[in-house]
Student: 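Would you mind keeping the following structure in view while I ask a few things?
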There are 2 protein chains.
Amino acid sequence: MKKLIVAGIGAGSYDGLTVGAVKALEGADLIVGYTVYCDLIKPYFPDKEFISTPMMREIERCRIALEHAASGKLTVMICSGDAGIYGMASPVLELAAEYEVEVEIIPGVTAAASGAALLGSPITADFSVISLSDLLTPMEKIEKRIECAAMADQCIVIYNPSSRKRADHLKKACEIVMKHQSPQTVCGVARNIGRDGESCSVMTLAELAEYQADMFTTVFIGNSSTKEINGKMVTPRGYRNE
Amino acid sequence: MKKLIVAGIGAGSYDGLTVGAVKALEGADLIVGYTVYCDLIKPYFPDKEFISTPMMREIERCRIALEHAASGKLTVMICSGDAGIYGMASPVLELAAEYEVEVEIIPGVTAAASGAALLGSPITADFSVISLSDLLTPMEKIEKRIECAAMADQCIVIYNPSSRKRADHLKKACEIVMKHQSPQTVCGVARNIGRDGESCSVMTLAELAEYQADMFTTVFIGNSSTKEINGKMVTPRGYRNE
């Protein structure tokens with residue numbers, strides 16, 4: 001049976017790729033992905049054929065990849081971070097039956113882990129990952145998820161904290177968390193992880209509410225035991241009590 | 001300044017390592033870790049010096065790694081999955097100041113992502129990661145986190161679902177989720193990810209409540225829109241509405 005590989009490429013650096021993803025990409029006849037992600041990895045695989053499609057054309061991109069795989073080309077579809085988490089594995093699996101193509105998924109390092117590594121160790125224990133993009137999920141549901149996570153004293157990782165159309169979503173999310181957690185809760189942001197201009201900073205929840213995030217930012221909200229240690233954001237696991 | 005690297009090694013296969021982790025391990029004078037994880041990667045780095053310590057000796061292990069790093073040895077401390085998520089990055093950062101050692105963290109693929117890739121795409125959208133181990137977190141708090149995630153219709157990934165001392169924790173967690181979600185909710189388990197005997201299966205929430213998980217199992221509970229497609233567990237992202 002013909003096969004399509006869906007691979008997470010991590011944050012964008014060569015070092016952030018898994019060995020399995022490198023092997024799949026080196027063995028590929030064709031690499032399909034969103035333009036920005038294709039441009040990120042092209043320098044590492046200069047001899048490969050790429051097909052890139054712009055943002056918001058996800059179903060079209062999945063069909064292009066499946067059609068080429070069905071025609072017998074060794075095709076790898078790439079996703080930023082992990083292949084599953086806010087990635088293309090799900091729509092590909094939904095469409096695959098139409099093409100009689102087997103799907104193999106290669107996981108990758110998602111921004112919750114790569115951003116955390118920059119900041120210190122903000123998500124050592126239980127945490128919730130929530131996207132503030134309301135393109136596919138109603139804002140009401142997103143707000144309920146934020147509130148429930150804060151009620152349960154969970155660390156929260158926020159993907160897609162902002163865009164032109166929803167500049168105030170992060171502020172709103174912080175205000176919801178502040179109903180249950182102190183404004184002094186230790187928070188952090190990681191920007192351009194694994195790419196040019198990579199940076200991070202640690203701040204309080206009150207400061208985060210005023211922070212202007214962009215679409216290249218991943219946001220970390222600590223739980224009640226998260227602290228700042230030498231400029232790092234650290235959520236203890238509890239080993240100190242050993 | 002002397003440096004200690006804390007690296008996530010993924011699930012245990014060579015393909016699951018990131019290129020950055022491979023480089024760090026190849027450059028190391030000494031690799032420190034929990035016995036099981038050291039044994040997993042020894043075959044890939046046969047010429048390296050390893051120091052392994054048994055489970056539950058985490059602080060001792062961190063101090064061994066920091067002492068060797070402080071003495072000028074290029075030391076890498078390894079963690080299963082990611083370096084931060086239920087990993088050693090946090091205790092190392094808490095202790096590092098005592099040793100005047102700089103800490104570099106290399107993220108890895110956590111079981112939420114590698115287990116998901118086996119099952120299909122269970123955590124496409126917002127999800128909560130919760131450990132059922134009550135060694136470091138009171139069971140009451142764990143139960144509240146499970147309940148809050150279920151109330152918010154989030155997918156839930158459960159780490160450490162079982163051990164000899166807490167054989168009924170997974171059943172209890174499922175019963176809490178069933179207060180808010182249908183017993184027919186699509187769930188899945190992944191076992192021995194990236195290792196010998198790797199397997200996964202998809203089942204309902206009611207079936208999961210009766211499932212005997214062991215410590216090598218990662219559990220996935222779907223949200224209200226998760227479905228089974230050709231034996232795969234798939235949480236749609238919503239692109240079908242495009």
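Each chain gets a letter, A, B and so on, in the order its sequence line appears, and its residues count up from 1. Just so you know, these numbers come straight off a predicted model, no measurement behind them.
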Student: Using non-hydrogen atoms only, which part of V129(B) is less than 4.5 Å away from chain A: side chain, backbone, both, or neither?
Tutor: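 Both parts, backbone and side chain.
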
Student: Answer with side chain, backbone, both or neither: which region of V109(A) has an atom nearer than 4.5 Å to a non-hydrogen atom of chain B?
Tutor: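 For V109(A), heavy atoms of backbone and side chain both lie under 4.5 Å from chain B.
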
Student: Any sub-3.5 Å donor-acceptor pair from Q181(A)'s side-chain atoms to A150(A)'s backbone N or O?
Tutor: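 Yes; judged by distance alone, with no hydrogens or angles, the pair exists.
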
Student: So, Y159(A) and T110(A): side-chain donor and acceptor under 3.5 Å apart, yes or no?
Tutor: yes

Student: Spell out the residues in residues 186-194 of chain A that have some non-hydrogen atom less than 4.5 Å away from a non-hydrogen atom of chain B, in order of number; otherwise answer 'none'.
Tutor: none

Student: Please check if the side chain of Y34(B) supplies one atom and the backbone of E58(B) the other of a donor-acceptor pair under 3.5 Å.
Tutor: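 No: the side chain of Y34(B) does not pair with the backbone of E58(B).
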
Student: Under the side-chain hydrogen bond (donor to acceptor under 3.5 Å, both in side chains) test, which residues partner T137(A), sequence neighbours left out?
Tutor: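 Result, side-chain hydrogen bond (donor to acceptor under 3.5 Å, both in side chains) vs T137(A): none returned.
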
Student: With only heavy atoms counted, which part of K144(B) is less than 4.5 Å from chain A, the side chain, the backbone, both or neither?
Tutor: both

Student: Given heavy-atom pairs under 4.5 angstrom as the criterion, report whether the side chain, backbone, both or neither of T235(B) touches chain A.
Tutor: backbone

Student: Would you say the side-chain atoms of Y86(B) pair up with the backbone N or O of S131(B), donor to acceptor, closer than 3.5 Å?
Tutor: yes

Student: Relative to chain A, which segment of A113(B) carries a heavy atom at a distance below 4.5 Å: side chain, backbone, both, or neither?
Tutor: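 For A113(B), the contact with chain A is made by backbone and side chain together.
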
Student: By a 4.5 Å heavy-atom criterion (distance strictly below it), what part of I229(B) contacts chain A: side chain, backbone, both, or neither?
Tutor: side chain

Student: On the 0 to 90° scale, with breaks at 30° and 60°, tag the F127(B)-F127(A) ring pair as parallel, tilted or perpendicular.
Tutor: perpendicular

Student: Should the heavy atoms of other residues, nucleotides or ligands under 6.0 Å from CD of E100(B) be counted, would the total exceed 12?
Tutor: no

Student: What closest approach, in Å, do D126(A) and I130(B) show between heavy atoms, and which atom pair accounts for it?
Tutor: OD1-CA, 3.5 Å

